[in-house]
Amino acid sequence: MPNSVGDPQNCRSISRELKRGRKGEELLGSARSMKDPYYRSIALVEIGLKGSMHEDRAGHILEEALKEASSVTSEWRRGELLGEILHQANRSEDPRKNAQLTRGSLDLLRAIPSGHGLSEGIKACAKSADAVLGMELLVLALDNRGFELENGKSVIKAIFRDKGPSPETVEAMERTLERRRGDLTRTLLFSYLFLQLDQASRGEEAKRTFRSAVSLLSELKDQELLQAFNDLARKASSVECLDHLLEIASSEGDPYVSVKMLSVISDSMDRLGEGERAHTVLMSALERTSLVPMERRGEVLASCSNAFRRLGDGKRADELSQKAQEMAESDDAASRKVKRVLGLEKGTGPGAAPRENAPKSVGRKNHVLALCDTYEGRLGPVHLRALARAAPLCWAYSLDLALIGFPTNDMKRLADLSVNETSVGEEGKYIRMLAEKGRMVLVPCSKDAPPSVWSGLGLPVATTPHPDNLKALDMKGAVNRALSHPSGRVCLIMGLGKRGLPPSLLRSVPHHLELTGSNISLETATAMGIMAYMLYLSTDMDD
């Protein structure tokens, strides 16, 4: 990369001068003198868009900016730059300039070879794409081998930005996905498209897309089939959706796969508040275990044990766990597999975070205050401040702390950063104390894939100023329901930031709680304090 230490500052200076009314021609020399073509391109785009020059002259400057962009050596950096150019183009009120930059950026993006650089470019450009450009990016995404799923999701999500795509665009997206060869990625992208439609309350289109995704399952086998099936079951937002999957699971010829499918459906039925049906489905799965070959039967019995435990049937779960271990004890490989499924080996088990610091039980007698990250991007001050405020509350009111979706997998580093950045709670004393006692846990999560298994954390209750009437309960009701949960405790979840909890998590969690009694949104720190005290009082009353 060229020696360009001062280029970012020079680029910002040009932008400021243009805002103050300087003519673009007066700033061209400064832009062209930059050593790094990345910043030369950005500066020239700004001048061409805002430099108050004749239209033809501005067009030449923008063409020069695109040529500079093409000379950026690093492919991922070039892709990032094309995203920034598109962002600037979208802010222009001149349709001719917008079209020139959009077409030129797309041509340069297509010239990037398949791989990481193209992937970064597609994601960067998707942030500023409308439906038309989005469709072109979707084709590029599906052709970028090794990155199809990641890029496809980025583009589909971008197309649903703001008001969302027209029905015609949705149909075009489906046709584009259908042209791809039948594989796991295509099914997962159909599933993701369904999720976006469902979140946008596009009911009929969502149902159609879900049925299309289900139909694609017939093209998959073995682990790919189970992965796609599990993904659809987790995203299913209605019993009607699950009924489509139940037909697949019930007719599956491989009893091992069928049992796995039925167990997943049982979990999803329970998530949607259909506890009785969940139990019926799981009993059907248990009956089929007798058809599974002996070398794999212990594993499916262990899976059923976990599922019954999640439904609160601890007695049956213990019986099946014992039977699974006895059945596999003569085969070392099968025994290890059963122990992994049951969580009897360190760092494994249903719902366990794939992290060394995941506690085995996180103080089962304590209720849990759970902070769900709703910010995008890397670990930052907002996460450290939230942890610094929550830790003393949890210590004072005998609560455990769950950090859901935080952008890190290193608990020690997170604790160290928070301690170094805060004077709250005696300079981070309580952060260390919680961590040392195993009362703080990281839980993997994203907006599109909320946690699906809560047996190790607690009965999930989402706080929201606008609870679903069918899911709403008060704190006393939450504590009473937790008595029959495998953990025996409440996991009360709040979102960090102005957005509140993601819609996907609100849909997936079976219970909602409104804190104020007046449907009023509260500032994060205020809500955190109220939640901690309410949980403390409920614990005291429960004892």
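E46 and K50 are joined by a salt bridge, as a carboxylate oxygen and a charged side-chain nitrogen come within less than 4.0 angstrom of each other. Between E120 and K123 there is a salt bridge, since at least one side-chain N of the basic residue sits less than 4.0 Å from a carboxylate O of the acidic one. The pair K67-E64 fails the salt-bridge criterion, with no side-chain N (NZ, NE, NH1 or NH2) lying under 4.0 Å from an Asp/Glu carboxylate O. Using a 4.0 Å cut-off between charged side-chain N and carboxylate O, E150 and K153 make no salt bridge. A salt bridge is absent between R186 and D183; no separation between the charged side-chain nitrogens and carboxylate oxygens falls under 4.0 Å.
Side chains of F147 and L118 form no contact here, defined as non-hydrogen atoms less than 4.5 Å apart. A 4.5 Å side-chain heavy-atom check between F406 and L414 finds at least one atom pair inside the cut-off. Side-chain contact check for S41 versus I85: some heavy-atom pair is nearer than 4.5 Å. You'll find the side chain of L106 reaches within 4.5 Å of the side chain of L137, heavy atoms only. Looking at heavy atoms from C-beta onward, V45 lies in side-chain contact with L49 at the 4.5 angstrom threshold. Side-chain contact between V382 and L496 is absent, with no heavy-atom pair separated by less than 4.5 Å. At a threshold of 4.5 Å between non-hydrogen side-chain atoms, the residues P167 and R202 count as touching. Between I112 and W76, the closest side-chain pair of non-hydrogen atoms is not below 4.5 Å.
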(Q) Between S166 and T169, does the side chain to side chain donor-acceptor pair (under 3.5 Å) criterion hold? Intermediate values first, please. (A) CA-CA 5 Å; S166 67; T169 299; 3.1 Å; yes

**Q.** Chi angles and distances behind the salt bridge (Lys or Arg N to Asp or Glu O under 4.0 Å) call for K207, E204
**A.** CA-CA 5 Å; K207 290 178 183 178; E204 291 306 313; 3.7 Å; yes

Q: Determine, stepwise, if the pair S92 / N98 fulfils side chain to side chain donor-acceptor pair (under 3.5 Å).
A: CA-CA 6 Å; S92 170; N98 184 310; 6.0 Å; no

Q.
Apply side chain to side chain donor-acceptor pair (under 3.5 Å) to residues Q223 and Q227 and explain how you reach the verdict.
A. CA-CA 6 Å; Q223 290 305 312; Q227 183 179 342; over 6 Å; no

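Ring orientation note: the planes of Y533 and Y397 are nearly perpendicular, at an angle over 60° on the 30°/60° scale.
When the shell of 6.0 Å around CD of E523 is examined, it contains more than 12 heavy atoms from other residues, nucleotides or ligands.
Residues forming a ring pair (Phe, Tyr, Trp, His ring centres under 6.0 Å) with F229 (at least two apart in sequence, or on another chain): none.
I493 pairs in a side-chain contact (heavy atoms from CB on, under 4.5 Å) with only one of the listed residues (V509, V461, V443), which is V509.
Distance check, rounded to the nearest 0.5 Å: CD of E75 to CZ of R78 gives 5.5 Å. Distance check, rounded to the nearest 0.5 Å: CG of L101 to CG of N90 gives 9.5 Å.
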